[in-house]
Amino acid sequence: MNFYKTLLKPLLFRFDPEWIHDRLIGWGGVMEHFPPLLKVMSRFYGFTDPRLETRLLGVRFPNPVGLAAGFDKNGRIVPFLAALGFGFIEIGSVSFDPSEGNPKPRLFRLPLDEAVVVHYGLPNEGALRIHARLRRVYPEVPVPLGVNLVNTNRGPERLPRSYGEIVDDYVQSARLLKDTADYLCLNLSCPNTEAGKDFFLQKDPMRDLLSAMEEIRLPCPLFLKVSPAGGVVGIETLLEVVDSFSIVSGFVFNLPRGKPDNLKTPAWVWEAWPGAVSGRPVREIANSWIREMYRRMDRNRYVIIGTGGIFSAEDAYEKIKLGASLVQILTSLPYEGPGLVKRINRGLARLLERDGFRRLSEAIGAGNPA
Ligand SMILES: Cc1cc2nc3c(=O)[nH]c(=O)nc-3n(C[C@H](O)[C@H](O)[C@H](O)COP(=O)(O)O)c2cc1C
């Protein structure tokens with residue numbers, strides 16, 4: 001019997017999703033005061049297999065299953081999350097100034113679809129505060145830590161005056177946080193804020209941002225979390241610009257705006273909810289972006305982090321075979337429970353063995369020939 005799915009989940013799902021998430025962050029913070037408890041957790045939830053270990057861009061990942069940005073926005077429970085068996089953790093999105101995000105309610109469940117509608121609008125405590133927190137925990141974190149950066153959301157009534165202002169916001173945060181992360185990821189396309197509206201699909205803003213980032217001399221790899229809205233042309237345009245900036249090491253795709261047309265939940269349930277859909281319904285579409293990006297990018301240079309609708313080892317493996325070197329999960333966690341990371345990793349080891357791969361790296365892109 002799966003204790004989480006039969007007993008705990010029905011109870012948790014009676015509460016407002018954001019409220020319960022905030023409580024969980026609080027409990028995780030309390031647990032961190034008891035290191036022996038984290039050790040027990042990590043023994044229970046961890047899964048070690050040398051075949052899953054990868055070294056990418058100078059960083060050692062004990063397994064390829066990471067936590068996506070948006071769960072621990074303020075980096076408050078990184079050691080607790082590491083004890084759940086993740087191979088890496090991405091915190092954020094963090095903006096230079098603190099932000100309240102969008103008005104509540106802003107997170108809604110679609111249980112029939114195993115999805116959520118998310119309209120957070122990037123609430124976070126701001127780079128200064130998060131930097132102070134990370135300086136305390138960062139050296140101790142047992143797995144790689146990614147920090148996801150975004151432009152401050154000041155609400156629709158205070159949009160940035162120019163894209164120079166947006167670029168400055170990213171640059172200031174990156175300057176501050178670059179030494180407390182194993183990689184930085186610039187979230188260039190939040191689907192739920194006015195200021196994040198597919199702005200970096202244009203070449204000039206992207207060039208200006210990357211030129212400014214180049215000047216900082218980052219000590220760690222830089223990923224771009226980009227909008228899928230431009231389709232194949234968008235991917236080609238992105239590569240055209242990014243290819244000449246050697247600081248960029250890889251890509252993640254953000255959620256598409258609006259609601260996909262494959263939802264099982266009737267429209268009357270969700271049509272009044274603003275926001276983007278994550279979870280099972282976006283798996284296929286996210287796979288198609290990975291497929292197209294991998295076909296076009298320089299495989300010796302870039303790394304893809306695959307995310308979107310991963311609920312099982314098979315889902316993760318599918319993204320890896322399409323070209324993702326690492327994967328991230330988020331929405332499946334509340335649906336499947338904390339044992340999911342271990343199940344995915346154990347299943348991945350089995351799938352590698354079934355297909356005769358000695359290491360994970362041999363499987364990357366194996367289903368997506370040039
Ligand atoms: C509740 C929630 C909050 C999120 N917040 C962020 C965020 O702050 N920054 C970001 O880059 N992505 C954010 N995302 C997107 C996730 O990082 C991830 O790319 C997306 O949810 C797809 O993965 P999933 O289907 O496993 O959830 C958020 C997603 C959810 C569901």
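In listed order, ligands and their atoms are each counted from 1. Reckoned from all heavy atoms, side chains included, excluding hydrogens, waters and symmetry mates.
Proximity of Lys225 to Ser93: side-chain heavy atoms (C-beta onward) are nowhere separated by under 4.5 Å. At least one side-chain heavy atom of Tyr183 sits less than 4.5 Å from a side-chain heavy atom of Phe88. Annotation: side chain of Tyr170 is in contact with side chain of Ile166 (closest heavy-atom distance under 4.5 Å).
For ligand 1, the protein residues placed under 4.0 Å by at least one non-hydrogen atom are Ala68, Ala69, Gly70, Lys73, Gly92, Ser93, Leu107, Val116, Val118, Tyr120, Leu122, Asn148, Asn187, Lys225, Leu255, Ser278, Gly279, Thr307, Gly308, Gly309, Ile329, Leu330, Thr331.
Between the side chain of Asp169 and the main chain of Asn151, no donor-acceptor pair closer than 3.5 Å is present.
Trp27 is linked by a ring-ring contact (aromatic ring centres under 6.0 Å, His included) to nothing, counting only residues two or more places apart in sequence or in another chain.
Note that Arg51 lies outside the cation-pi zone of Phe357, set by a 6.0 Å cut-off to the ring centre and a 45° limit from the axis.
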